[in-house]
Amino acid sequence: MKKLIVSIGACLLLTSGLGAAKDTTFRGEIMDEACAKGGGHESMFKKMGTNDPKACTEACVKGGSKYVLFNEDKTFYQLDNQKKPTSFAGQKVEVTGTLNKAAKTIHVTDIKAAS
């Protein structure tokens with residue numbers, strides 16, 4: 001009986017890691033949620049009198065918007081870590097992490113400039 005319990009426990013431990021999500025690399029631009037919802041920075045560029053994605057993103061985040069990863073197809077994902085994207089505002093990047101599809105959120109492991 002003891003061996004059976006130990007065997008079942010070992011199987012559970014081994015299989016518990018199989019369902020864990022693996023890190024994936026996502027590519028896009030670090031943008032603010034307000035501009036992403038509008039499909040890009042264009043409307044804010046007109047209001048702000050600038051064409052600088054970094055300045056636009058930083059201004060919108062200061063105004064309460066959140067950092068997101070914006071894709072060329074105009075989809076975007078929330079980033080669970082709002083500190084890591086700070087130095088990449090307005091830049092094309094590669095975000096490594098796991099995607100929660102239901103919440104449209106990426107659990108960020110790493111961010112680096114796109115090559």
Side-chain angles (χ1 to χ4, degrees):
M1 184 69 164
K2 212 179 219 185
K3 287 183 183 181
L4 177 63
I5 293 172
V6 171
S7 295
I8 291 172
C11 288
L12 289 173
L13 284 174
L14 290 173
T15 58
S16 66
L18 296 177
K22 292 185 179 178
D23 280 354
T24 304
T25 299
F26 304 91
R27 291 170 183 78
E29 178 185 337
I30 296 295
M31 186 182 287
D32 60 278
E33 185 177 25
C35 287
K37 284 182 178 178
H41 296 289
E42 289 72 29
S43 65
M44 285 302 290
F45 282 169
K46 290 177 187 175
K47 288 180 187 177
M48 294 174 61
T50 185
N51 286 338
D52 182 8
K54 179 177 181 170
C56 182
T57 299
E58 289 173 341
C60 289
V61 168
K62 281 183 184 176
S65 193
K66 301 281 186 189
Y67 288 110
V68 299
L69 181 67
F70 184 78
N71 300 304
E72 288 180 6
D73 66 359
K74 299 193 188 269
T75 60
F76 63 94
Y77 298 101
Q78 296 264 344
L79 301 173
D80 74 334
N81 183 321
Q82 291 290 298
K83 291 183 181 181
K84 283 186 181 181
T86 303
S87 60
F88 297 99
Q91 294 181 36
K92 302 281 186 205
V93 297
E94 294 179 352
V95 175
T96 303
T98 54
L99 175 63
N100 178 331
K101 289 182 183 180
K104 290 188 71 172
T105 301
I106 298 173
H107 173 70
V108 178
T109 305
D110 189 35
I111 300 176
K112 64 180 182 178
S115 49

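Hydrogens, waters and symmetry mates are skipped; everything else that's a heavy atom, side chains included, is used.
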Hey, any chance Val68 and Met44 share a hydrophobic cluster, counting ILVMFWY side chains that come within less than 4.5 Å of each other, even indirectly? no

Check whether Thr57 reaches the backbone of Pro53 with its side chain - one donor and one acceptor, N or O, closer than 3.5 Å. yes

Shared hydrophobic cluster, Val108 / Tyr77 (ILVMFWY, side-chain heavy atoms < 4.5 Å): yes

In sequence, state the C-alpha distance, the side-chain angles, and the governing distance for Val93 and Leu69, and then conclude on side-chain contact (heavy atoms from CB on, under 4.5 Å). CA-CA 9 Å; Val93 297; Leu69 181 67; 3.7 Å; yes

Answer with yes or no whether the hydrophobic clustering places Phe70 together with Val61; edges join I, L, V, M, F, W, Y residues whose side-chain heavy atoms lie under 4.5 Å apart. no

Any carboxylate oxygen within less than 4.0 angstrom of a Lys/Arg side-chain nitrogen, looking at Glu58 and Lys62? no

NZ (Lys104) with more than 12 external heavy atoms under 6.0 Å: yes

Atom pair OH (Tyr67) and OG1 (Thr86), whose distance is rounded to the nearest 0.5 Å: 4.0 Å

Is a side-chain donor or acceptor of Asn71 paired with a backbone partner of Asp73 at a separation under 3.5 angstrom? no

Do side-chain atoms of Lys84 reach the backbone of Thr109 as a donor and acceptor pair under 3.5 angstrom? yes

Could you tell me the separation between the CE atom of Met31 and the NE2 atom of His41, rounded to the nearest 0.5 Å? 3.5 Å

Answer with yes or no whether the hydrophobic clustering places Phe26 together with Ile111; edges join I, L, V, M, F, W, Y residues whose side-chain heavy atoms lie under 4.5 Å apart. yes

Walk me through whether His107 and Thr98 qualify under side-chain contact (heavy atoms from CB on, under 4.5 Å). CA-CA 5 Å; His107 173 70; Thr98 54; 3.5 Å; yes

Under the side-chain contact (heavy atoms from CB on, under 4.5 Å) rule, what do Ile30 and Leu79 come out as? Steps first, then yes or no, please. CA-CA 9 Å; Ile30 296 295; Leu79 301 173; 3.8 Å; yes

Of all heavy-atom pairs between Ser65 and Glu33, which one has the smallest distance, and what is that distance? OG-N, 3.0 Å

Report the distance from atom CG of Asn81 to atom OG1 of Thr105, rounding to the nearest 0.5 Å. 12.5 Å

How many angstroms lie between CG in Leu99 and CD in Gln78, if you round to the nearest 0.5 Å? 12.0 Å

Straight-line distance of Ser115 OG to Glu94 CD, nearest 0.5 Å: 4.5 Å

